[in-house]
Amino acid sequence: MSSKFLLVKEKVKKFNKFLEVDGDKSISIRWLLLASQSIGISKAKNLLRSDDVLSAIKCLKKLGIKITLSNNQCVILGRGINGFKYKKNIVLNAGNSGTVGRLILSLLIKSPYKIKVIGDKSLSRRDFSRVINPLNEIGVKFYPRGKKKLPISILGSNYLRPISYFEKKGSAQCKTCVMFASLNTPGEMRIFAKKSRNHSELMFNYLNIPIKISSGRDIDIIKTSSPYKLNKFNINIPGDISSGAFFIALTLLSKNSQLTLKNINLNPTRLGILKILKKMGADIKTSNIKINNGERCGDIFVKSTNKLKSINCPASLNSSAIDEFLIIFLIAAKSKGISYFKDLSELNKKESPRLKLGSKILNMIGIKTKLTNSSIKIYGNPNINLNKEYEIKNYLKDHRIMAMCTIAALTFGGNWKIYDPESIKTSFPSFLKILRNKFGVKI
Ligand code: S3P
């Protein structure tokens, strides 16, 4: 914990705003990693400039990839598939990012030297066996043997084999790890994946990387193999709905306000939050839909309402809202009735144990919850109005906890002291600037 903190003492005043949020994190990281494997100069507009994305850039630079960042553009000079400049004793720091830590491994599977991957305190407590196991099966070695967490060293091989991989958690990182591994593996990789965000599939399609997908109700069967070569490609990255979600919540939890979020990624595999909130009585509409670089984008319009009601959330929506549950819990706290969210053990495996901490924060502000290892019941209070002092610390600097608490303070009231506010730079560096400059909030 650092000694820096944020003080929030006033609710946001009613508003009617148009807003753009920072670029999508999943797409930004995937573009960097795949562009590094292409041949030639690729350019991205509106690449997210968050700590997670900067970690990806630093890792790639250590592997000999040239990357420059200017005003609204990122330029990367790809060296082709497995074109990294391998050296002895390389250490890659994935920082706080599970996506960077897990996906970078899948591009190192031919490394002739051991490469050590490290991360911050939060990332070092997270499970890596979920990607180590399939990569082991493909023929890659990890040291120390049997270790499931960072720091870990990877040693590639020239004798790689394709696998049939069953992804049962609904984890896009695990699925993507095996997909990316197919770039360096002969033959056809087969992935039987529980549904999860499909940015990698869309990018493979867009880049003409061989991919076949058959979609069932609950699982997708994905077959990928290596292209002869990967051509450079430019991208225009839409706003991140996971960042937009905090402002959707700000609107729903305020009175007489409305908001239009412009140019947001509206990939259907990310729209769980909109589906859940509509079921809870929220007034949300999307418009100006277009396809950009294979991704569906558009605007989101949301209005505040006093008719929010509880939800028995279908587990089938979990994966498509996995990064939004903290803010959904906050909305459930002000909704009429008892909300129930289940099969969510994955939430405790994020940057912090979010199911547990989310519940603890709700209890702190007087909201009753019933918590198990994989579910939560939230007893909503539509009249919630806080006037005490609240301190948020020791939350493993989880960016989404920080943003959740800021929104709680701005809508429920009370005097909040939130430590480590720089944690938000992990995913949404403009968060506080938008609140101050656009919403006139004094924090
Ligand atoms: C991500 C997948 C999700 C999500 C993370 C980003 C991705 O993680 O929580 O923020 O870009 O693939 P899991 O794959 O572990 O569910």
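Side-chain atoms are counted along with the backbone in the values below, which use heavy atoms only and exclude waters and symmetry mates. Computed from a predicted structure; not experimentally measured. Both ligands and their constituent atoms are indexed starting at 1 by order of listing.
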Note to self: Just to confirm my output: which protein heavy-atom neighbour is closest to atom 6 (C) of ligand 1, and how far is it?
What the structure shows: Thr99 OG1, 3.4 Å
Notebook entry, point to check: Are any of the N or O atoms of Glu346 closer than 3.5 Å to those of ligand 1?
Noted result: no
Margin query: If I take atom NZ from residue Lys62 and atom CD1 from residue Ile115, how far apart are they, to the nearest 0.5 angstrom?
Written below: 10.5 Å
Margin query: Quick check on Arg30 - does any of its heavy atoms sit under 4.0 Å from an atom of ligand 1?
Written below: yes
Notebook entry, point to check: Think Arg102 forms a cation-pi with Phe128, using NZ or CZ under 6.0 Å from the six-ring centre and within 45 degrees of its axis?
Noted result: yes
Check: Any N or O on Ala172 sitting closer than 3.5 Å to an N or O of ligand 1?
Finding: yes
Margin query: Quick check on contacts: which atoms of ligand 1 are under 4.0 angstrom from a heavy atom of Ile322?
Written below: 9 (O)
Check: Which is it for Arg197 and ligand 1 at heavy atoms under 4.0 Å: side chain, backbone, both or neither?
Finding: side chain
Note to self: Heavy-atom contact check, 4.0 Å cutoff: does Thr176 meet ligand 1?
What the structure shows: no
Next item on the list: Look at atom 5 (C) of ligand 1 and say which protein heavy atom is nearest, naming residue and atom and giving the distance to 0.1 Å.
Entry: Asp323 OD2, 3.5 Å
Margin query: Go through it in stages, so that I can follow the logic: the residues are Arg354 and Asp398, the test is salt bridge (charged side-chain N to carboxylate O under 4.0 Å, His left out), and I'd like the CA-CA distance, side-chain angles, deciding distance and then a yes or no.
Written below: CA-CA 9 Å; Arg354 285 183 183 159; Asp398 181 341; 2.7 Å; yes
Next item on the list: Among Arg270, Arg400, Lys25, find the residue that satisfies the salt bridge (Lys or Arg N to Asp or Glu O under 4.0 Å) test when tested with Asp323.
Entry: Arg400
Next item on the list: Classify the ring geometry between Tyr206 and Phe233 as parallel (under 30°), tilted (30 to 60°) or perpendicular (over 60°).
Entry: perpendicular
Margin query: Both conditions, 6.0 Å and 45 degrees, for the charged tip of Lys114 above the ring of Tyr143: are they met here?
Written below: yes
Note to self: Between Asp283 and Lys285, does any side-chain N to carboxylate O distance fall below 4.0 Å?
What the structure shows: yes
Item checked: Lys350 and ligand 1 - part of the residue with a heavy-atom distance under 4.0 Å -> side chain
